[in-house]
Amino acid sequence: MGALACALFATAVLCSAQEFPKGLLAVEPADADDAVKHFVDSHMEPRHAVAVAVVPKGSKRHNLLLELGEDEDLRHLLAIGALFKKGRTSLVVHRYHYDALAYEGKWTRSAISSWLQEVAFPPVNYLPQFAPTKFLTRNPFGILLVVKPGHHSPELAKALEPHAARLKDKLKVSFFARTPSTQQLCEMYGVRSSDEFLLIERPKEGGLAKGHSHVPKSPKYRVENVSAADVDLFFKQYESGQLPRYLMSSKAKAEPQIQEGLRELTGWDFLEVVQDPKVSVLVEFVSEKCEACEEFDAAYREVARRVLHRKTQRGRSPSLSRVVIARIDQSANEHTELIKGTPWLRFWPASAMKKPVEVEFRSVDTILDFLDEQEMALEDSEEEPRKRKPAKEL
Ligand SMILES: *[C@@H]1O[C@H](CO)[C@@H](O)[C@H](O)[C@H]1NC(C)=O
């Protein structure tokens, strides 16, 4: 007699691990293949991986499966079912669009668990239904979201597969469609178009900062309109560190906003501005629902106005000519800084090796004095090498 147990981990309709094996679907041995096929087909969504074990009922291996059924690290990765049968045991993982894989290792909990975690991710995951916990919120690996309008492209998958295989310990690859049902995920992870590659190194970290502090996230990279022919180049640039980092922003890319000398930075231009060696940048980090930010707002705007005035004044040497006064709302824009609370001021002096310094001052005059001192110190340090130059040439 064979019997196919209900899925150990699955969605609502299936029995829980505790109920197992009460909800058994009894089948005659002759029906077993059909029952397995039906079980696999009906549990493939949404995780695209189903494990089926053949074990004697009440055996040690049966008990091991029950333990695995309670494993929180596996639950979101695949469904597991068991067919009770005396004799030879087996464990096979069926994956959407790829060949099934049979387990050949030892029957120990840790060995099976790590094997399941490995094989539950197919080389390239196809739609139709996306599993956010498996690929994003609880994914211990990186993820490359291949965002394309259609369901999938075999040509693109073929171009991706060798890279997915090479990087499988670091990165998983999945097709993804931008639709009304994935809109929230798109906002959370920064998918902005229907045709892009979005590589997220630590998807478990989630989206934009909540509250008033900000912890920098692992890198993300985003490239639009990548076709099968561009896939090799994409990976080459990614692995050699040539892709620019992508910082999320709740708004689409737009022209820089500058009001009375105050520049609003976004995820789109934060790095470009603070890393620009030709300018010195003072950045105020703010967040939403921040009373202290509101209190400080008028003073900071005054700083921006005065700096603008000093830059544009005629007849005097424009002393703060390369200073940029900027602000970034970190509730709507990702950046690369560790910020413990808002409002926070950090200053990047103009130089090739920009190193930021904290600015503790909070009054208009003390901030302006600080800027003057910084710019004078920079001027001195720039003059010295020039003076020394002839000596070096001797
Ligand atoms: C990608 O294609 C879309 C539609 O053709 C176009 O609007 C967009 O500008 C393209 N993006 C890049 C970076 O070329």
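Each ligand, and each atom within it, is numbered from 1 in the order the structure gives.
For E67, the CD atom counts as densely surrounded, since its 6.0 Å shell holds more than 12 non-hydrogen atoms of other residues, nucleotides or ligands.
Within a 4.0 Å radius of atom 7 (O) of ligand 1, the protein contributes no heavy atom. Within 4.0 Å of atom 4 (C) of ligand 1, not a single protein heavy atom is present.
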Could you give the side-chain donor-acceptor pairs of residues 247-258 under 3.5 Å, partners two or more places apart or in another chain?
residue, atom, partner, partner atom, Å
S249, OG, K251, N, 3.4
S249, OG, K251, O, 3.4
S249, OG, N333, OD1, 2.7

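Here S213 pairs with nothing under the side chain to side chain donor-acceptor pair (under 3.5 Å) rule; sequence neighbours left out.
Closest to atom 10 (C) of ligand 1, if we only count protein heavy atoms, is N225 ND2, 2.5 Å. With respect to atom 13 (C) of ligand 1, the closest heavy atom belonging to the protein is E224 OE1, 3.4 Å.
Note that CZ of F135 is 7.5 Å distant from NE2 of H48, once rounded to the nearest 0.5 Å.
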